Number of protein chains: 2
Amino acid sequence: MSSKQDWTDSFPPLRQLPEEVFAQLREASLIVELPEGSRIFGPGQAPESFLLLLDGTIRVQQTSESGREIVLYRVQAGESCALTTACLMGYEEYQAEGIAESRIRAVAIPRALFDRLIATSREFRQFVFTAFSRRVTNLFRVIEEVAFERIDVRLAQKLLELAGAKPQVVATHQDLANELGSAREVISRQLNEFARRGWLRVARGIVEITDRPALARLAQHG
Amino acid sequence: MSSKQDWTDSFPPLRQLPEEVFAQLREASLIVELPEGSRIFGPGQAPESFLLLLDGTIRVQQTSESGREIVLYRVQAGESCALTTACLMGYEEYQAEGIAESRIRAVAIPRALFDRLIATSREFRQFVFTAFSRRVTNLFRVIEEVAFERIDVRLAQKLLELAGAKPQVVATHQDLANELGSAREVISRQLNEFARRGWLRVARGIVEITDRPALARLAQHG
DNA sequence: CGAAGGTCTGTAACTAAGTCACCGAGACCG
DNA sequence: CGGTCTCGGTGACTTAGTTACAGACCTTCG
């Protein structure tokens with residue numbers, strides 16, 4: 001489950017760190033691997049270390065009492081679980097949960113080393129605060145979108161985001177509703193409307209985008 | 001606008017800091033005062049220093065393109081502007097803005113000193129990360145409420161929060177709508193419904209709570 | 001193969017929330 | 001006193017979310 005090997009090449013954002021910091025990291029950190037679907041952290045389950053993702057993605061989401069879900073953000077390979085760690089460093093009990101969306105490989109920096117690195121390396125501080133900054137800014141955007149953006153616009157944005165360069169999104173209507181904190185029926189209606197306009201085709205568990213420009217126009221608040 | 005004087009008694013949460021850290025703070029920090037309504041920070045206006053609020057409150061809010069607003073959180077006396085500072089330490093341009101809700105007095109810790117304190121004091125690190133943790137956890141709750149909670153429940157919660165121990169809330173319907181990221185008409189209707197049930201009385205710019213238990217019951221998702 | 005059960009999607013009727021357009025009451029000020 | 005501005009009220013309408021189904025499709029297993 002863990003091994004000491006040189007992972008530094010897989011992690012571009014940390015390359016600017018001075019050599020002595022690197023040495024500490026290589027020395028004292030573990031590489032952990034977890035299977036798809038693992039719950040990395042959740043309510044009443046604080047993470048024990050600061051994670052740097054080497055491979056895979058972690059989905060961070062919130063579930064309401066009534067069972068509805070919303071995706072807050074994703075941690076991609078090359079990024080850190082900074083927010084989570086802040087909560088680990090603080091005292092507050094954490095409501096969100098983190099799920100491995102695929103098999104993941106990560107560098108686990110123990111709490112003591114994390115604290116030492118923060119104390120000794122200006123570059124490491126910069127790295128951590130930048131990661132914070134990005135997440136918090138992104139959370140603000142999530143709030144704005146949930147509060148003020150139309151659901152069709154948000155769905156178009158999300159479809160393009162999830163598709164990336166690929167022509168199709170593999171997700172059920174319920175999955176998409178969970179992404180946006182909406183309801184399945186609402187998403188079904190919107191997808192059928194998009195399909196009626198010829199922007200995409202829907203099949204069981206698959207949305208195939210056929211008119212990307214049209215979706216992009218709507219996504220940019222058209 | 002600024003002076004060197006002993007503010008340490010006004011700031012309980014920092015009392016645990018060791019004496020030498022205190023000495024640095026007293027030495028190199030400024031006390032700033034700003035009038036009510038000041039814009040502390042906003043889009044394209046990054047704060048120059050880490051703020052510890054001695055008196056007053058700062059309202060942090062987000063405004064959409066269409067002009068609708070939502071209050072993200074408030075910084076109270078005795079707290080720090082930690083999130084803002086994270087964004088200042090990072091690179092990302094900040095979308096939210098901070099407004100002084102009353103005349104405020106704050107300790108401004110220059111960036112260089114902030115960085116030095118983070119590096120040298122474990123207690124200061126703990127203080128900053130705890131502040132982070134609290135804000136982020138709170139942001140998660142805001143997202144959950146905006147996404148999933150009914151507007152009448154949210155309004156009841158907000159009225160109780162704004163009233164505190166006082167019997168009345170001084171705010172227009174538009175103000176309350178901005179608190180919740182909702183629309184004025186919606187809030188008016190809800191207030192009138194509450195009034196019809198005898199839970200409160202409304203006058204121009206004032207909501208007077210007359211049945212606190214009833215509001216509290218609704219607020220706890222009744 | 002064919003029945004059984006689970007998952008996924010469709011639909012209609014309804015409620016809740018937000019939008020639009022307009023109005024009138026009250027406060028404020030010269 | 002009259003004009004102007006802020007605040008709140010109202011009704012018709014659109015959008016989003018809820019409830020309660022039904023039916024289609026997929027997998028599994030006898």
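In what follows, every chain begins at residue 1, and chains take the letters A, B, ... in the order their sequences are listed. All values reported here derive from a predicted model rather than from experimental measurement.
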* Asked: Could a donor-acceptor pair under 3.5 angstrom be found where the side chain of A:Arg184 meets the base of C:dG10?
  ->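 Such a pair is found, so the answer is yes.
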* Ignoring hydrogens and angles, are the base of C:dC20 and the side chain of B:Glu185 linked by a donor-acceptor pair under 3.5 Å? ->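 Flag set: donor-acceptor pair detected.
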Spacing between [X] atom [atom1] and [N] atom [atom2], to the nearest angstrom:
X: B:Leu176; N: C:dG18; atom1: CG; atom2: P; answer: 14 Å
X: B:Gln174; N: C:dT19; atom1: CD; atom2: C1'; answer: 13 Å
X: B:Glu193; N: C:dT15; atom1: CD; atom2: P; answer: 15 Å
X: A:Ile187; N: D:dT15; atom1: CD1; atom2: C1'; answer: 13 Å
X: A:Asp152; N: D:dG17; atom1: CG; atom2: P; answer: 11 Å
X: A:Glu149; N: C:dT19; atom1: CD; atom2: P; answer: 11 Å
X: B:Gln190; N: C:dT15; atom1: CD; atom2: P; answer: 16 Å
X: B:Arg154; N: D:dG17; atom1: CZ; atom2: P; answer: 13 Å

* Asked: Is there a donor-acceptor contact under 3.5 Å linking the side chains of A:Arg135 and A:Asn138?
  ->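 There is no such pair between these side chains.
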* Would A:Arg103 and A:Glu36 pass as an ion pair if we require N to O under 4.0 Å? ->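 No.
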* To do: Specify whether A:Phe129 and B:Phe132 have parallel, tilted or perpendicular ring planes, treating 30° as the upper limit for parallel and 60° as the lower limit for perpendicular.
  =>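 Tilted.
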* To do: Just say parallel, tilted or perpendicular for the rings of B:Phe114 and B:Phe50, cut-offs at 30° and 60°.
  =>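 Rings of B:Phe114 and B:Phe50: tilted, 30 to 60°.
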According to a strict under-4.0 Å criterion, is [X] in side-chain N/O contact with OP1 or OP2 of [N]?
X: A:Asn192; N: C:dT9; result: no
X: B:His173; N: D:dG9; result: yes
X: B:Ser188; N: D:dG9; result: yes

* To do: Map B:Arg204 and B:Phe148 onto DNA chain D by nearest heavy atom, then report which one ends up closer to the 5' terminus.
  =>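 The answer here is B:Arg204.
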* To do: Could you pick out which residue, A:Ala147 or A:Ala203, lies toward the 5' side of DNA chain C when each is mapped onto its nearest nucleotide?
  =>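 Nearer the 5' end of the strand: A:Ala203.
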* Asked: Which sits closer to the 5' end of DNA chain C, B:Arg68 or A:Ile206, going by the nucleotide each is nearest to?
  ->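 Final value for this comparison: A:Ile206.
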Looking at [options], which one has an atom nearest to any side-chain atom of [X]?
X: B:Thr172; options: C:dG18, C:dT9, D:dC7; answer: D:dC7
X: A:Arg150; options: C:dA17, D:dA16, D:dG17; answer: D:dA16
X: B:Val186; options: D:dA16, D:dC25, C:dA17; answer: C:dA17
X: A:Arg189; options: C:dA25, C:dA12, D:dG9; answer: C:dA12

* To do: Go through the steps for B:Arg189 and B:Glu185 under the test salt bridge (charged side-chain N to carboxylate O under 4.0 Å, His left out), then give the verdict.
  => CA-CA 6 Å; B:Arg189 285 199 274 261; B:Glu185 298 89 325; over 6 Å; no
